[in-house]
Amino acid sequence: MLNTKIRLGKILLQSGAITTDDLALALKRQDETGGRLGCALVSAGLITEERMIEALSEQLKIPVIDMALIHPSLDLLRKIPESAARNYVLMPVEQSNGCVHVAMADPLNLAAVDELAAMLLCNIDVSIAAESQIMATIDHYYGVLNYQDKAMRFAFTDPRAYGLQNEIIDNSEDVAPIAGLLEAIIRQATRDRASDIHIEPGEKNLRIRFRIDGVMFDTDSPTKNVESALVSRIKVIANMDISDTRIPQEGRFKMTVDSKKLEFRVSSFPTIYGESVVMRMLEMDSVLMKFEQTGLEGGTMEDFRESVTMRRGMVIVTGPTGSGKTTTLYAALGMINSTDKTIVTIEDPVEYRLKLIRQTQVNPKAGLTFAVGLRSMLRQDPDVIMVGEIRDSETAMIATRAAMTGHLVMSTMHTVDAVGVIERLEDLGVAPGVIASTLSGVLGQRLVRKVCPSCKNEAKTAPAERGYLRAAEKSIAYGRRKCAKCKNSGYFGRIGIFEHLKVDREIKELIASRARPIAIRTYAVKSGLLTTMRTDGQNKVKRRITTKEELDRSYLEE
């Protein structure tokens, strides 16, 4: 495949990446340390690892591969010992058509290629990758493989497999294998910025998926053999009943991963093939998002700011589950928080710790529900009350009464849009006249993924987006390409798109007269009291913050 007499130093000299003096200095350093020439060049600062890879790729006509984009099967990893992978600084990528594709830091190491071909009895296809990336990938994938193999051996024979410690485990040989496997899964989810971990049993397999920026991604999954022990481990540390697998259960636990303090909300649900488990990950030391960082802008931001700075009334933030409602409420609380106000909250759970604010977490087992907590909070002489969610008639009634008696009440609900809150409150038994007299404003929101900054590049504008982009006088077309940062999705992070219903006198009259939601929405849009989420999203598409595909995925009304 390659000329056996070719040398790395000669290639780098021919490409102009290094000088003769650089090569002489690196060779001297190599003699002293006994390492590889490439390492000597990089460690001496004579060339960057990226530049060396580019030069090799150009001269040898071998492609560069981004290790963050690979997902080798565990079966393939078992064919190549970890010791060989570390010794030759190579990582298997995939196997297809009788050929194994590997990434190597030194593709000129023909002895390694020949040994691998003899070991696997097949052809070897080589790509180039940075040594640091390869070693990090070896650490991760072979680590997962080792934990899974240990878990399979001990899950049903060794009581240590279930483990009881709640802290992240170390890498010693006597650590509980199942705990180690769970730690590897959680650690990878944390590094991938996942918000949820889904453990889904199948008839013959176990699937693990991460939700990243609102979208599900497959990840490495252990075999079906460890399913029972893995689920049991999660239920043990979440204080759930390990013996009962027939009913849904909920639990919580805390864990520290890569210096991050995380809280996990765990939900188990029985299926025909076993218990499905979802773990919601919450970072306990998250920095509170500022009001201006939410994505609110223009008239929508000013109208919402006006509603949350009023002395009385009820402000609702609405949207589907996982749309960032609580984050928006926290940002609003952070904006109005001051020493001259008394702010009290009741939440499920408390996601951010806020200074100067008295926060309470619901505890249904102890009888502390939203309704009970809200009733007691009124005796605490509050100026502002934040209720995590209005989900039943009793909470709705108490919240509206509190708003009528001189308190500013802030809460969330689950409706399709801002106007839908009015109908939902009526469904919960609140009289239209009471809604009209208490409701100050409603903020509807969704989250859409942002275009990955590392993926932006000049390209032809997608035809579906041209209609949105005509209004932009100086538009720079963009496209999306493969990127390790965003897991080859083209998106990184999320931003809110909003609509705010400003409740003026005319809107109050429509509510009191039991007008249909479509009539209220039509009037609000025509009179400028509501700019729709679709319009807000289109404005963000024009500025290259998100894409039309993301708006369509959010099922937004015109």
Side-chain angles (χ1 to χ4, degrees), residues 291 294-320 323-329 331-333 335-336 386-387 389-390 396 399-400 403-404 408-428 430-448 496-540 551 554-558:
F291 194 71
T294 58
L296 280 163
E297 53 192 21
T300 300
M301 180 175 69
E302 294 307 317
D303 288 344
F304 183 57
R305 187 198 303 272
E306 181 181 342
S307 66
V308 298
T309 52
M310 298 176 67
R311 296 184 62 87
R312 59 175 294 273
M314 186 163 64
V315 179
I316 304 294
V317 179
T318 188
S323 60
K325 301 183 296 295
T326 303
T327 300
T328 301
L329 274 186
L333 286 177
M335 181 187 64
I336 65 175
M386 196 272 266
V387 183
E389 181 185 347
I390 295 177
T400 51
M404 292 177 67
L408 176 63
V409 179
M410 304 167 64
S411 189
T412 71
M413 296 185 74
H414 290 83
T415 62
V416 174
D417 56 22
V419 176
V421 164
I422 299 168
E423 188 175 28
R424 178 59 180 150
L425 286 171
E426 290 181 4
D427 290 341
L428 292 176
V430 182
V434 175
I435 299 173
S437 63
T438 58
L439 196 61
S440 302
V442 182
L443 185 74
Q445 73 174 73
R446 302 285 176 89
L447 290 177
V448 294
I497 51 177
F498 303 90
E499 63 181 24
H500 183 269
L501 175 63
K502 187 175 182 179
V503 184
D504 67 353
R505 180 172 297 180
E506 287 75 12
I507 294 289
K508 289 179 182 292
E509 291 178 358
L510 287 171
I511 295 174
S513 63
R514 296 179 182 271
R516 296 179 61 190
I518 187 63
I520 297 175
R521 184 177 181 86
T522 300
Y523 168 79
V525 172
K526 287 184 178 180
S527 60
L529 298 173
L530 184 145
T531 300
T532 66
M533 282 186 277
R534 170 68 69 171
T535 300
D536 185 37
Q538 289 172 354
N539 290 333
K540 289 182 169 70
L551 299 192
S554 298
Y555 304 105
L556 296 177
E557 298 291 336
E558 293 289 350

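Separation of atoms OH (Y523) and CG (D504) is listed at 4.5 Å; rounding is to 0.5 Å. Distance CE/M386 to OG1/T326: 6.5 Å, rounded to 0.5 Å. Rounding to the nearest 0.5 angstrom, the gap separating the CG atom in D536 from the NE2 atom in H500 is 13.0 Å. With rounding to the nearest 0.5 Å, the separation of CE in M335 from OG1 in T309 is 6.0 Å. Note that the OG1 atom of T412 and the CG atom of L329 stand 6.5 Å from one another [nearest 0.5 Å].
When side chains are defined from C-beta on, M314 counts as touching L425, because their heavy atoms get closer than 4.5 Å. Using a 4.5 Å heavy-atom threshold, the side chains of M301 and F291 count as touching. Looking at I520 and I507, their side chains come closer than 4.5 Å, going by heavy atoms from C-beta outward. In this structure the side chain of L501 reaches within 4.5 angstrom of the side chain of I422, judged on heavy atoms. P320 is listed as a side-chain neighbour of R446, based on a closest heavy-atom distance under 4.5 Å. Considering only heavy atoms from C-beta on, I316 stays 4.5 Å or farther from R424 through its side chain. The shortest side-chain heavy-atom distance between T300 and L443 falls under the 4.5 Å cut-off. Looking only at side-chain heavy atoms (C-beta outward), V315 and M310 stay at 4.5 Å or farther from each other.
In terms of heavy-atom proximity, G537 sits nearest to L551 at C-CD1, 3.5 Å. Here the shortest heavy-atom pairing between A399 and I390 reads CB-CD1, 4.1 Å. Between S323 and L447 the shortest heavy-atom distance is O-CG, 3.2 Å. Between L530 and A418, the shortest heavy-atom contact is CD1-CB, 4.4 Å. Between G313 and S440, the closest heavy-atom pair is CA-OG, 3.4 Å. Closest approach of V308 to A332, counting heavy atoms only: CG1-CB, 4.3 Å.
Side chain of T294 to main chain of T328: no donor-acceptor pair is present (N/O by atom type, distance under 3.5 Å, no hydrogens or angles). Judged purely by atom type and a 3.5 angstrom limit, E499 has no side-chain atom pairing as donor or acceptor with the backbone of D417. Of the possible polar contacts, none joining the K540 side chain to the V448 backbone as a donor-acceptor pair under 3.5 Å is found. With hydrogens and angles disregarded, a donor-acceptor distance shorter than 3.5 Å links the side chain of T318 to the backbone of T415. Side chain of Q445 to main chain of V317: no donor-acceptor pair is present (N/O by atom type, distance under 3.5 Å, no hydrogens or angles). A donor-acceptor pair under 3.5 Å is formed between the side chain of K508 and the backbone N or O of A436.
With respect to the salt-bridge test (charged N to carboxylate O, under 4.0 angstrom), the residues K325 and E389 do not qualify.
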Audit row: T532, R521, side chain to side chain contact (heavy atoms under 4.5 Å, CB included) steps and yes/no: CA-CA 9 Å; T532 66; R521 184 177 181 86; 3.6 Å; yes
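Checking E506 against S527 by side-chain atom types alone, no donor-acceptor pair falls below 3.5 Å.
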